[in-house]
Structures are given as structure tokens and as C-alpha cells.
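Computed from a predicted model, the values in this text were never measured in an experiment. Along the sequence shown, residues are numbered consecutively beginning with 1.
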Amino acid sequence: MTPMIVRDPGLPERVTIYEVGPRDGLQNEAAIVPLADKIEFIGRLVAAGLPIVEATSFVHPRWVPQLADAAELVAGLPIDGSTPLPVLVPNERGLERALDAGCPHIAIFGSATETFAQKNLNATLDSQFAMFEPVVSRAQEAGVDVRAYVSMCFGDPWEGHVPIEQVVEVGTRLLDLGASQLSIGDTIGVATAAHVGALIDAFGAAGVDVDRLAMHFHDTYGQALANAYAALRHGITTFDASAGGLGGCPYAESATGNLATEDLVWMLTGLGIEHGVDLEALVQTSVWMAGVLGKEPASTVVRALG
């Protein structure tokens, strides 16, 4: 079954889904997925029509043992093919590994709050930019595209509410370093629709074109789709999502992970918004990966169709 299409002329005609399941999803799973299964997972996602699939992260294996095979994974992928397969790099050492592997697309990961910067980046809110500057500049010199994530944009488990102007300052500084796109992260899933709209508007008031922004929602409180719809209404056309709703949030108990790609695709299809994704193939992929992980998929659409 598919949803009946009712087009809303006030919404974008097309959306780009930035698939993060192989990286952001699997890094939060307890199970270590075999290398061959990771390669097959990414291949299935590309075959299902996902236009961008984030493959892995060049972090130290002690930090994220689930992604310790990053170099081997990239070696087994068409990393410079027609479908971008970005990798996350935490620092210059990660960038060196990505460049050695021939990766043409990378991402960096910043923080909108002081406490998370200290705990996750071993930096202060201000000093993180000095850490990122050589990464971005060296990547650009090598002709590598750089995306920037900024986390804790809507709430922080230690600091509580995060001022909108603080998020905008951090985000604009990351863009000013040379990032081509900024992904605004609701890391612990506390955002609500009006808050999403207010933050997007604040970036616009700061001179950031909406085309340079992406949204990254978690569904901890069941608000991810509502927040995605609010972002659509404010002109956002790139959304991060994870096949099957893979992943979790290590900073909030009972977090249910990323916005599920299938749930987003179902909504976009019903709204008549083009996305290029084969929902049936994607559902089959998530059912298969759930079997690999030995758990039920979090996506409600996968559970309904799978």
C-alpha cells in the first residue's frame, strides 16, 4: 500500500534525503556488524535510490568500536562513484585517513553547547573552531567537499534549553570556515515544530540561505515527523534520516534513534514531494538489517509494510 497523494503547493517540490544509517545508525547499535554486511547494506541503500549515503567515520576505534573497520569498508565501496558516500572525520588525523582512502566528501561534527563540546570534542565551545579550521582548509585544498553537523541545537541534557542565538552563532561560524552545508541536529529529540521554525528563521535573519541548511531529527519524544513537516514549511529541502530508524541517543534514556527514512519517505510521498527513493526496496533493506542486528526495526512504516 502507498499513501494517497495530496499535493500542498506551499511545500518544496523535491527533497534530498541524506541517509545516515550506516554511520550514525550503526555507531549507536550494541552489535558489531560484519564488514561484508555493512558493504551490502550501503549497496542496498544506494540501489533503493538514496542519493547520499554516509558510510562511516574515521574515529579512533576506542571511541566507536562499531566503526573500527572504516578503512576496510571504504576500500570495498565505490567511494568516488556517482552516489556520494561521505565519511565523518573528528580531527586532522581522521582527515588524513579519509584523504588516504580517496574520500571526496567528508563531514565534521561540532557542538552548540559548552558541556557537549567538552565531553564529546575535548574542546570548549569557542576552541572547537580552531580544531576544525585546519581540517576544513586542508580538505578544501584537496578538493574535498565538507559538510558540518552541529549537535544539541534544541536542548542539552546537562544545560537544558539552548538559546537560538547561540545555535545560530555556532552554525554560521562553521559555515564561514568553508562548510558547504550545515546539518542542524536535535541530538536528544526534544525539538517541537514551532521551535524548529523559529531556528530556521533565525538562520535566515543571519543571512544563511535555507538551501545551505539540513535538519537532523531524533524521535525520542515522537516529534521527528512533525518537526520535519515544520521544516518543510520553512523551505528546508535536505533531511538526514536513518533506514529503519537505526541508532539511538547515548545522551538520553529511552531515545528511539534517528528519524526513520521509511517514515519520512511515506510522508513525502503523500505530500507529492519527489524524493527518488524506492520505498519497497528500502523496507526490504531495513527488514534484512534488523535480522542482522537481531532486533525489531524502530520505523513504524517498516513494521506496517515489512
Query raised in the report: Can you list the residues that meet the salt bridge (Lys or Arg N to Asp or Glu O under 4.0 Å) rule with R7, with sequence neighbours excluded?
Result: none
**Report entry** For F109, ring-ring contact (aromatic ring centres under 6.0 Å, His included) partners two or more places apart
**Finding:** Y149
Report task. Check for a donor-acceptor pair, side chain of Q128 on one end and backbone N or O of L125 on the other, with a separation under 3.5 Å. Result -> yes
Query - Under 3.5 Å donor-acceptor, R147 side chain and I108 backbone - result: no
Query raised in the report: Would you find a donor on one side and an acceptor on the other, under 3.5 Å apart, between the side chain of S180 and the backbone of V146?
Result: yes
Query raised in the report: Within a strict 4.5 Å, meaning less than it, do heavy atoms of the Y18 and S183 side chains meet?
Result: no
Requested in this report: Could you go through the side-chain contact (heavy atoms from CB on, under 4.5 Å) check for D240 and L259 one step at a time?
Outcome: CA-CA 8 Å; D240 299 356; L259 168 63; over 6 Å; no
Query - pair I17-I52: side-chain heavy atoms closer than 4.5 Å - result: no
Query raised in the report: Residues in side-chain hydrogen bond (donor to acceptor under 3.5 Å, both in side chains) with S127, at least two apart?
Result: T124
Query raised in the report: Within a radius of less than 6.0 Å around CG of N122, do more than 12 heavy atoms belonging to other residues, nucleotides or ligands occur?
Result: no
Query raised in the report: Taking NZ, NE, NH1 and NH2 as the nitrogens, is one of them in R44 or D278 under 4.0 Å from a carboxylate oxygen of the other?
Result: no
Donor-acceptor pairs under 3.5 Å, side chain of residues 87-94 to any protein atom, not counting sequence neighbours: which ones?
residue: N91; atom: OD1; partner: R93; partner atom: N; Å: 3.2
residue: N91; atom: OD1; partner: G94; partner atom: N; Å: 2.9
residue: E92; atom: OE2; partner: R138; partner atom: NH1; Å: 3.3

Query - Any donor-acceptor N or O pair under 3.5 Å, side chains H216, N258 - result: yes
Query raised in the report: What residues form a side chain to side chain contact (heavy atoms under 4.5 Å, CB included) with V190, not counting sequence neighbours?
Result: F154, D186, I188, Y221
Query raised in the report: How far apart are the C-alpha atoms of I273 and L232, what are their side-chain angles, what is the distance that settles it, and do they pass the side-chain contact (heavy atoms from CB on, under 4.5 Å) test?
Result: CA-CA 10 Å; I273 297 174; L232 283 169; 4.0 Å; yes
Report summary line: Closest non-hydrogen atoms of L50 and T83, given as atom of the first, atom of the second and distance, are O-CG2, 3.8 Å
**Report entry** With D126 via salt bridge (Lys or Arg N to Asp or Glu O under 4.0 Å) - residues at least two apart
**Finding:** R173
Query raised in the report: How about T261 and L45: do any of their side-chain heavy atoms sit closer than 4.5 Å?
Result: no
Query raised in the report: Within a strict 4.5 Å, meaning less than it, do heavy atoms of the I184 and V196 side chains meet?
Result: no
Query raised in the report: Does the side chain of I32 reach to within under 4.5 Å of the side chain of D69, using non-hydrogen atoms?
Result: no
Requested in this report: Measure the OG1-CD1 distance between T285 and I42 for me, rounded to the nearest 0.5 Å.
Outcome: 12.0 Å
Report summary line: Excluding M1, membership of its hydrophobic cluster (Ile, Leu, Val, Met, Phe, Trp, Tyr; side-chain heavy atoms within less than 4.5 Å) reads none
Requested in this report: Return yes if some donor-acceptor pair links the side-chain N/O of D263 with the main-chain N/O of S299 below 3.5 Å, else return no.
Outcome: no
Report summary line: Taken in chain and number order and not counting sequence neighbours, the residues that satisfy side chain to side chain contact (heavy atoms under 4.5 Å, CB included) with E159 are T113, E114, T115, D156
Query raised in the report: With no hydrogens and no angle check, is any side-chain donor or acceptor of E19 less than 3.5 Å from a backbone partner on G21?
Result: yes
Requested in this report: Could you identify which residues cluster with M4, counting Ile, Leu, Val, Met, Phe, Trp and Tyr as linked when any side-chain heavy atoms lie under 4.5 Å apart, either directly or through a chain of such contacts?
Outcome: V6
Query raised in the report: So, T238 side chain and A214 main chain: donor-acceptor pair closer than 3.5 Å or not?
Result: no
Query - Heavy-atom donor-acceptor pair, E262 side chain to A243 backbone, under 3.5 Å - result: no
Report summary line: Nearest heavy-atom approach of S111 to V170 is O-CG1, 3.4 Å
Query raised in the report: For V59, which fellow cluster members are found when Ile, Leu, Val, Met, Phe, Trp and Tyr are connected by side-chain heavy-atom distances below 4.5 angstrom, either directly or through intermediates?
Result: W63, V64, L67
Requested in this report: Go through the structure and list residues passing side chain to side chain contact (heavy atoms under 4.5 Å, CB included) with D201, not counting sequence neighbours.
Outcome: H234
Query raised in the report: So, does N28 use its side chain to make a donor-acceptor pair with the main chain of D24 at under 3.5 Å?
Result: yes
Report task. Return the set of residues passing ring-ring contact (aromatic ring centres under 6.0 Å, His included) with H105 (not counting sequence neighbours), or none when no residue passes. Result -> none
Query raised in the report: Within a strict 4.5 Å, meaning less than it, do heavy atoms of the F217 and N227 side chains meet?
Result: yes
Query raised in the report: Distance only, no hydrogens: is a donor on one side chain within 3.5 Å (strictly under) of an acceptor on the other, for Q181 and R212?
Result: no
Query - side-chain contact (heavy atoms from CB on, under 4.5 Å) assessment of Y229 paired with L225 - result: CA-CA 6 Å; Y229 185 76; L225 270 182; over 6 Å; no
Requested in this report: May I ask you to check whether T187 and H218 show a side-chain donor-acceptor distance below 3.5 Å?
Outcome: no
Requested in this report: For V301 and L264, run side-chain contact (heavy atoms from CB on, under 4.5 Å): C-alpha distance rounded to whole Å, both residues' side-chain angles, the deciding distance at 0.1 Å, then the answer.
Outcome: CA-CA 9 Å; V301 169; L264 177 61; over 6 Å; no
